[in-house]
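This report concerns only the one structure given below.
Below, chain A is the first sequence line, B the second, and so on; all start at residue 1. In what follows, every heavy atom counts, from backbone to side chain, and hydrogens, waters and symmetry copies are set aside.
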2 protein chains.
Amino acid sequence: MKWNELHEDACPVARGLSVIGDRWTMLVVRDCFMGIRRFDQMQQRLGITRHVLADRLRKLEADGVLRREAYQERPLRYEYRLTDKGKALYPILVTLIDWANTNMPVEGGPSVVLTSRATQDPIRPKLIDAETGEEITTRSVLAVPNADQSD
Amino acid sequence: MKWNELHEDACPVARGLSVIGDRWTMLVVRDCFMGIRRFDQMQQRLGITRHVLADRLRKLEADGVLRREAYQERPLRYEYRLTDKGKALYPILVTLIDWANTNMPVEGGPSVVLTSRATQDPIRPKLIDAETGEEITTRSVLAVPNADQSD
DNA sequence: CCGACAGGGTTCCGATATGGAACCCTCTCT
DNA sequence: AGAGAGGGTTCCATATCGGAACCCTGTCGG
């Protein structure tokens, strides 16, 4: 299996990673969630090379995660915004933040914390089944190969 | 910012990605959750080169996500198992699966579905705050820079 | 009219990382 | 002795990345 074949892979983990499993992509997405929309801002914040950033933005647009929009004409300037598909990545980002804050603490405490917009209280994410409300753990939930597929 | 500096970065997203933000790592972790423990099995399933697989396993062990354990002596053979820190990645994996199944459907339906171990019913993951039970969305929860830090 | 600057890129080159295949080492089995 | 199994390592060609320079459209100040 090569990296560029992942896009078509039967496994959803592989397909998902073909979009966001790259070194920089989730950092770009993070910035988008933080309201960063412009090339130069991203480039400065990330310290990524302009070349690679341009490439990632193109791919994210092609994958439907970002949308490129002119925010002015003359001179023509573009900004990047999350599409609905991109916004749907929020749970992944939040879960990742929680994992890192819990499992890779850094001295001086976390630089970013999850906070309720309404109450300003800190948030501790928990994954449940939308139907039953049961918590999702390795013990309660199984990722199983679908019946009519061969993996 | 270079890739190998991410490990120490103040941002939890960056720190998390320094561990799992690599092309292959989450696929290795996926296999571990599926009960795959041995080098050759992984290598065959992933189609990754042995070289890269050995490197990823070493890194995951160094990062405390996997633990290498001898399952026999004479000849000495090792297998890899998730540590608690590794098991804590489950919500990320589940959320990723759900995102891909929803946003990157593949013809013939998903090859892997999330299922309740108890009832065999399909699971639809939902992220809530452990305290209030409120759903976590871009509207309800903010990832804010911590007070006593400059990002 | 000229030079400087903004914003969003592209080009080029040397350094890393990845893909593919072969090889190695320690046992066991026949 | 020869053929695996299991878990690697080595070598080389190709792909991707990091760094820095350059380009293009248009604005602004003098």
Nearest-angstrom distance from the residue atom OH of A:Tyr78 to P of D:dT25: 13 Å
Is there a residue in residues 65-75 of chain A whose heavy atoms reach under 4.0 Å of DNA chain C, and which residues are they? A:Arg68, A:Tyr71
With a 3.5 Å cut-off and no angle check, do the side chains of A:Thr132 and A:Asp129 form a donor-acceptor pair? yes
For the pair B:Tyr90 and B:Phe33, name the ring-plane relationship: parallel under 30°, tilted 30 to 60°, perpendicular over 60°. tilted
Does any part of the side chain of A:Met42, heavy atoms only, come nearer than 4.5 Å to the side chain of A:Arg50, both counted from C-beta? no
Axial cation check for B:Tyr71 ring with B:Arg38, 6.0 Å and 45° limits: yes
Under 6.0 Å from the six-membered ring centre of A:Tyr78 and within 45° of its axis: does the NZ or CZ of A:Arg68 meet both? yes
Counting neighbours of CD on B:Gln41 that are heavy atoms of other residues, nucleotides or ligands and sit closer than 6.0 Å, is the number greater than 12? yes
Is it the case that the side chain of [X] and the backbone of [Y] share a donor-acceptor pair, with hydrogens and angles ignored and the cut-off at 3.5 Å?
| X | Y | result |
| --- | --- | --- |
| A:Asp55 | A:His51 | no |
| B:Arg15 | A:Ile97 | no |
| A:Thr115 | A:Asp121 | no |

Taking 5' to 3' order, which nucleotide of DNA chain C is first and which is last to have an atom within less than 4.0 Å of a heavy atom in chain B? C:dT18 to C:dT28
Between B:Val65 and B:Lys59, is the side chain to side chain contact (heavy atoms under 4.5 Å, CB included) condition met? List the steps. CA-CA 9 Å; B:Val65 171; B:Lys59 281 183 183 157; over 6 Å; no
What are the atom names and distances for every N/O pair under 3.5 Å that joins the protein to nucleotides 14-18 of chain D?
| from | atom 1 | to | atom 2 | distance (Å) |
| --- | --- | --- | --- | --- |
| D:dC17 | OP1 | A:Arg56 | NH2 | 2.5 |
| D:dC17 | OP2 | A:Arg56 | NH2 | 3.0 |

